[in-house]
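This is the structure I have questions about; it appears just below.
Values below: all heavy atoms of this structure, side chains included; hydrogens, waters and symmetry mates excluded.
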Amino acid sequence: MFGRKLLNVVRKQCGTLNAAVRNSSSYGDVPMPPCDFVPEPYTSMSREEALQYRKKNLNPGYVKYYRDPVMVHQGHMQWLFDVDGRRYLDFFGGIVTVSVGHCHPKLNAAIEKQIKKLWHTTSIYVNPTKQEYARKLVAKLPKDLDVVTFVNSGTEANDLAIAISRMYTGAWDVISLRNGYHGVGVQTSGMTQLGTWRMPMPHGFGHVGTMNADPYRGPWGGSRCRDSPCQTLRSCDCAEGSCHAKDMYVDQYRDTLTYSVPPKIAAFFAEGIQGVGGTVQFPKGFLKEVCDLTHERGGLFVMDEVQTGFGRLGSHFWGFESHGLTPDIVTMAKGIGNGFPMAAVVTRHEIANTLSRGLWFNTFGGNPLACTVGSATLDVIEEENLQKNCEEVGTYLLNGLAKLRDRFEIVGRQR
């Protein structure tokens, strides 16, 4: 989320801001906003030494941006500082994870207080931080979604949601949209329908892909498909209240149910807006009809809110709210803890009860530090009215990018 002080800056500079503004005073002809925070002097290994060690001793699959990689040393709210003291305006947020600002003072104070009391125990013992945070979290969800299981990442959350769906329904097949991302674990990689994220190993058993409902790149789309201030430039002759593209994509899902899976399925997974796949927004009404069809086939509808949750859409706190539906299971991570490794699965009592069929345990899920950070993050989102800020800044940014799209032929859409 952008800090409130950035609103006027973004409005003035919308057409020229880069993903990260890399200079202590300016980027091109655009001056950097002022900042009175002074980072600590950097005294650890050199940048060259770090890059050499990373290349030799760390996982070679780690993605590295830029030919001249940035080596970040410290963060403060919307700012990042590299080892050479350069300041960056952070538009990436640690892969859309830092939701209230780097090292936010309230989060720092909360975790410092907790770290002096208790770092870690176990879910076998009762610790108040878990119960207090769970109560605060479910208060943000529909009434029946009130049973929480804490884990450590979005991949873990989706993996658990797969297991719960299969046990609850007694079915095996899980359907997800092409171009969707749901993690890279052994189970979740089968659900992730992006070839760039798939390893050359068996991963698809029990996972079925269905056509993505993309009004821009897909075979169907028009100028009024999306619930957005900005639409595609494709022509549209649909009558008010109807959407031909939506109907055609729903028909594709019907075909998947008819030809690719048994009569009963375990679940359908979707992101409210596809994140890793390129910020793809579906036609209005698409997911609601898919949800209804999934229920008709005995399956659960699982909404992956790892990237869309916690007010980031501006108009709604959760992505599923923008689609007019209530999922059976919600998975969440990333912005839940402003960068702290934590995640959660929330569902109804009768569905969660499947986990009582055997012992279930997660060593670090819901530990006192994580729950303290999660609770403080929710407080900051509310106290600083960041959801509203997302709506204002996000809408202005979309409209500004639309002007660039109209100006430059090479730009096909803004997201």
Side-chain angles (χ1 to χ4, degrees), residues 154-155 157-195 197-214 217-220 245-274 276-277 280 282-283 285-306 319-320 323-331 345 347-348 350-352 354-355 357:
T155 292
N158 283 327
D159 185 80
L160 178 59
I162 293 171
I164 292 173
S165 299
R166 286 172 169 168
M167 288 191 294
Y168 179 75
T169 62
W172 184 255
D173 289 82
V174 174
I175 304 174
S176 57
L177 291 167
R178 295 173 194 154
N179 196 57
Y181 180 90
H182 301 283
V184 292
V186 175
Q187 283 293 331
T188 54
S189 62
M191 207 162 54
T192 291
Q193 303 285 331
L194 281 163
W197 291 93
R198 287 193 163 188
M199 296 292 183
M201 65 179 188
H203 53 250
F205 181 54
H207 294 282
V208 177
T210 191
M211 180 180 282
N212 189 34
D214 185 345
R217 292 193 180 277
W220 305 288
K246 180 264 295 180
D247 294 340
M248 297 305 292
Y249 289 120
V250 170
D251 281 346
Q252 289 296 308
Y253 184 60
R254 287 194 181 95
D255 280 355
T256 300
L257 293 173
T258 300
Y259 298 109
S260 302
V261 294
K264 186 175 183 180
I265 63 173
F268 175 88
F269 277 69
E271 304 160 86
I273 296 175
Q274 290 182 332
V276 175
V280 175
F282 311 121
F286 169 73
L287 282 187
K288 177 64 170 66
E289 291 196 31
V290 167
C291 179
D292 293 340
L293 290 170
T294 299
H295 288 158
E296 289 176 11
R297 297 294 289 268
L300 300 181
F301 188 93
V302 183
M303 184 63 85
D304 181 335
E305 294 280 359
V306 170
F320 65 79
H323 295 282
L325 61 88
T326 299
D328 302 294
I329 300 175
V330 181
T331 60
V345 179
T347 188
R348 302 192 302 270
E350 69 271 17
I351 298 173
T354 57
L355 291 175
R357 297 177 185 175

Salt bridge (Lys or Arg N to Asp or Glu O under 4.0 Å): pairs with one or both residues in residues 248-257, sequence neighbours excluded
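Non-adjacent pairs meeting salt bridge (Lys or Arg N to Asp or Glu O under 4.0 Å): D251-R254.
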
With a 4.5 Å limit on heavy-atom distance, are the side chains of S165 and V174 in contact?
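No, too far: nothing below the 4.5 Å cut-off.
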
Hey, does F268 have a side-chain heavy atom less than 4.5 Å from the side chain of L177?
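When only atoms from C-beta onward are counted, F268 and L177 do touch, with a gap below 4.5 Å.
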
Ignoring hydrogens and angles, state whether a donor on the side chain of H295 or D328 is under 3.5 Å from an acceptor on the partner side chain.
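Yes.
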
Under a 3.5 Å distance rule, please check whether H323 uses its side chain to pair with a backbone N or O of F282 as donor and acceptor.
no

Should I265 and I175 count as side-chain neighbours, where that means a heavy-atom distance under 4.5 Å?
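A side-chain contact under 4.5 Å exists here.
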
Assess whether side chain to side chain contact (heavy atoms under 4.5 Å, CB included) is satisfied between L300 and T294, documenting all intermediate values.
CA-CA 7 Å; L300 300 181; T294 299; over 6 Å; no

Identify the two heavy atoms, one from Y249 and one from P283, that lie closest to each other, and give their separation to 0.1 Å.
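Looking at all heavy atoms of both residues, the closest pair is CD1-CG, 4.1 Å.
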
Closest non-hydrogen atom pair, M191 against S176
O-OG, 2.7 Å

Just jot down the side-chain contact (heavy atoms from CB on, under 4.5 Å) partners of V186, sequence neighbours excluded, or say none.
none

Would you say N179 and Q193 are linked by a side-chain donor-acceptor pair, where the criterion is simply a distance under 3.5 Å?
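On atom types as modelled, these side chains do not qualify, holding no pair under 3.5 Å.
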
By side-chain hydrogen bond (donor to acceptor under 3.5 Å, both in side chains), E289 pairs with (sequence neighbours left out) K246

Taking only residues two or more places apart in sequence, or in another chain, which ones meet E305 in a side-chain hydrogen bond (donor to acceptor under 3.5 Å, both in side chains)?
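Scan of E305 (side-chain hydrogen bond (donor to acceptor under 3.5 Å, both in side chains), adjacent residues dropped) gives T308.
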
Tell me yes or no: between the side chains of Q274 and R178, is some donor less than 3.5 Å from an acceptor?
no

Any donor and acceptor pair, going by atom type alone, linking the side chain of T354 with main-chain N or O of I351 inside 3.5 Å?
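Yes, the answer is positive, given that a donor and an acceptor are paired below the 3.5 Å cut-off.
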
Evaluate Y168 against T347 for side chain to side chain donor-acceptor pair (under 3.5 Å), listing each step before the verdict.
CA-CA 12 Å; Y168 179 75; T347 188; over 6 Å; no

Ignoring hydrogens and geometry, is there a side-chain-to-backbone donor-acceptor pair from K264 to G299 under 3.5 Å?
no

If only side-chain N and O atoms count, and only distance matters, is there a donor-acceptor pair under 3.5 Å linking D159 with T188?
no

Within 6.0 Å of CE in M199, more than 12 heavy atoms from elsewhere:
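Counting neighbours around CE of M199, 12 or fewer heavy atoms of other residues, nucleotides or ligands fall under 6.0 Å, so no.
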
Which of T155, D304, L160, I162 passes side-chain contact (heavy atoms from CB on, under 4.5 Å) with T331? Answer is D304

Check A270 against F301 and note the closest heavy-atom contact, atom names and distance.
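Looking at all heavy atoms of both residues, the closest pair is CB-CZ, 4.5 Å.
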
Results of side-chain hydrogen bond (donor to acceptor under 3.5 Å, both in side chains) for R217 - residues two or more places apart only
none

R297: which residues meet the salt bridge (Lys or Arg N to Asp or Glu O under 4.0 Å) condition with it, sequence neighbours left out?
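Per chain and number, R297 pairs via salt bridge (Lys or Arg N to Asp or Glu O under 4.0 Å) with no residue.
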
Would you say the side-chain atoms of H182 and E271 include a donor-acceptor pair closer than 3.5 Å?
no

